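Just below is one structure, and these are the notes that go with it.
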Protein chains: 2
Amino acid sequence: MPKQERAERTRATILDAAAKVFDSQGFVGASLSDILAEAGVTKGALYFHFKSKEELAHELVAEQFSIWPPVDDNGKPGLQTVIDLTHAMARGLQENVRIRASIRLVIEQGTFTDPSPDSYLRWIDVCRDQLDHAQERGDIRKELVTGDIANFLVSAFTGLQISSQVLTDRADLPDRVAGMWRYVLPAIVPPRRLSRFVPEGTAAQTPG
Amino acid sequence: MPKQERAERTRATILDAAAKVFDSQGFVGASLSDILAEAGVTKGALYFHFKSKEELAHELVAEQFSIWPPVDDNGKPGLQTVIDLTHAMARGLQENVRIRASIRLVIEQGTFTDPSPDSYLRWIDVCRDQLDHAQERGDIRKELVTGDIANFLVSAFTGLQISSQVLTDRADLPDRVAGMWRYVLPAIVPPRRLSRFVPEGTAAQTPG
DNA sequence: GACCAAACAAACCGGGAGGTAGGTATTTTC
DNA sequence: GAAAATACCTACCTCCCGGTTTGTTTGGTC
């Protein structure tokens with residue numbers, strides 16, 4: 001790990017540059033030359049900090065996902081927390097190149113590493129925990145399986161963000177997420193409790 | 001275009017091999033060496049048929065999508081047609097490497113070409129046409145916008161197939177598709193008409 | 001069977017990829 | 001201030017990439 005402050009700065013600069021290039025080119029398509037040009041450093045500097053291109057990608061992902069996604073249940077875990085979480089993720093994808101790159105690296109198959117189920121499973125777990133609380137409270141139909149809902153939500157969100165990127169460079173992603181909830185909420189929430197939830201999110205979340 | 005039958009065979013062999021390698025490595029990750037080894041031909045043969053790696057990928061996609069996805073409305077266009085179509089697509093992705101490769105080439109960003117919205121838009125149109133029929137017939141709530149539903153379905157299906165691939169190598173994709181419909185149908189279909197539709201599909205479709 | 005076109009195979013090309021080794025600059029320690 | 005540690009920079013390395021050129025084989029026509 002870096003010991004001097006200038007090294008911390010260089011390392012961060014390299015990670016930011018790598019994020020930008022990985023976001024736009026993917027792992028295989030990103031060349032070290034492009035990353036170096038973006039960072040304004042040389043290959044010696046990069047290899048001082050990371051022992052390979054692969055470790056660079058791995059560190060980028062590991063650092064990002066050690067602090068993200070942001071789960072903030074405001075002391076009341078449940079369904080609105082999941083809704084707000086999806087919106088925070090949407091905003092993060094819009095605003096933060098490290099998040100975009102990390103998601104891309106994790107999703108892409110046959111590059112970087114075969115996509116690890118780990119991230120998916122972790123997101124599903126986070127989601128399911130909140131849904132379990134919601135179900136205990138009667139906010140979700142008791143006959144539904146929270147793990148299945150979580151699985152569907154994570155999958156659907158993945159597809160939403162990919163197609164949003166293709167079609168509108170993610171400009172419409174928050175709308176798409178709200179739209180997803182408008183379809184899904186009536187299916188999973190008992191009718192009399194439906195009005196408790198805000199498909200557009202409660203805007204209390206920060207992208208992190 | 002090929003004039004001799006042996007050339008037709010060689011061309012098809014190259015396309016099949018390319019599909020396999022593109023499916024597993026993506027466009028940038030697929031090397032011509034790998035494709036040639038898979039096909040058992042030489043580079044001269046490949047360049048006789050295709051003027052570049054990019055044209056190879058483009059032809060693969062164009063040929064596949066000229067005959068797919070399979071829309072079979074059995075003379076009665078509507079919602080069950082869309083349900084069956086998603087199941088046909090799921091089976092196609094499970095069984096046909098050219099479909100898998102074509103989907104991957106079309107979805108991946110920054111490779112091959114920037115992902116064209118065209119395929120997404122075409123799938124959305126196919127879907128929306130059927131949903132329009134369904135809505136005229138009263139099978140879909142009249143306050144909903146069929147274009148939005150179609151957009152959501154295409155996005156969600158994209159995410160389902162990607163995560164299914166990561167988590168189970170697509171073994172569970174038909175189940176995931178059926179699960180999607182079980183969440184979505186109650187949200188878009190008037191309650192008294194819900195029992196008309198089969199989330200698992202009516203198995204009348206062939207992958208094509 | 002001779003000739004030509006079509007369909008390949010084999011050899012070659014230049015460039016760029018990721019990574020390595022040697023050198024230089026900056027900071028820290030004593 | 002000298003020496004050592006840290007943090008880079010520069011030049012080099014091998015290999016593999018997509019594509020090009022030359023050579024050989026196969027099929028079709030007369």
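Letters A, B, ... are given to chains in the order of the sequence lines, protein chains preceding strands, and every chain is numbered from 1. Just so it is clear, the model here is predicted, and its values are computed rather than measured.
- Checking D:dT6, C:dC8, D:dC9 against every side-chain atom of A:Lys3, the shortest atom distance belongs to D:dT6.
- Proximity of B:His49 to the phosphate of C:dA6: no side-chain N or O atom is located under 4.0 Å from OP1 or OP2.
- If you measure from atom CD of B:Glu5 to atom P of C:dC8, you get 11 Å, rounded to the nearest angstrom.
- Remark: A:Thr10 OG1 to A:Glu5 CD distance equals 10.5 Å, nearest 0.5 Å.
- Note on A:Arg11 versus A:Glu59: salt bridge recorded, some NZ/NE/NH1/NH2 to OD/OE distance being below 4.0 Å.
- Going from atom CG of B:Leu36 over to atom P of D:dT20 covers 15 Å, rounded to whole Å.
- Considering only residues two or more places apart in sequence or on other chains, A:Arg100 meets the side-chain hydrogen bond (donor to acceptor under 3.5 Å, both in side chains) condition with A:Asp23.
- Residue A:Phe48 contributes atom CZ, which lies 15 Å from atom C1' of C:dG23 at whole-angstrom precision.
- Straight-line distance from the CD atom of B:Gln4 to the C1' atom of D:dG27: 5 Å, rounded to whole Å.
- Expressed to the nearest 0.5 Å, how far OG of A:Ser102 lies from CZ of A:Phe22 amounts to 10.0 Å.
- B:Asn151 and A:Arg176 are linked by a side-chain donor-acceptor pair at a separation below 3.5 angstrom, with hydrogens and angles left out of the test.
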For nucleotides 14-21 of chain C, list the nitrogen or oxygen atoms of the protein found under 3.5 Å from its nitrogen or oxygen atoms, one pair per line.
| unit_1 | atom_1 | unit_2 | atom_2 | d |
| --- | --- | --- | --- | --- |
| C:dA17 | OP2 | A:Ser33 | OG | 3.2 |
| C:dG18 | OP1 | A:Ala30 | O | 3.3 |
| C:dG18 | OP1 | A:Lys53 | NZ | 2.8 |
| C:dG18 | OP2 | A:Leu32 | N | 2.8 |
| C:dG18 | N7 | A:Lys43 | NZ | 3.1 |
| C:dG19 | OP2 | A:Tyr47 | OH | 2.8 |
| C:dG19 | OP2 | A:Lys53 | N | 3.0 |
| C:dG19 | O5' | A:Tyr47 | OH | 3.3 |
| C:dG19 | N7 | A:Lys43 | NZ | 3.1 |
| C:dG19 | O6 | A:Lys43 | NZ | 2.9 |

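- Classification of B:Glu200 and B:Arg182 as a salt-bridged pair holds, one side-chain N sitting under 4.0 Å from a carboxylate O.
- Residue A:Thr10 places none of its side-chain N or O atoms closer than 4.0 Å to OP1 or OP2 of D:dA7.
- Look at CD1 on B:Ile35: it is 11 Å from P on D:dC17, rounded to the nearest Å.
- Atom CG in A:Leu46 sits roughly 15 Å away from atom C1' in D:dT10 (whole-Å rounding).
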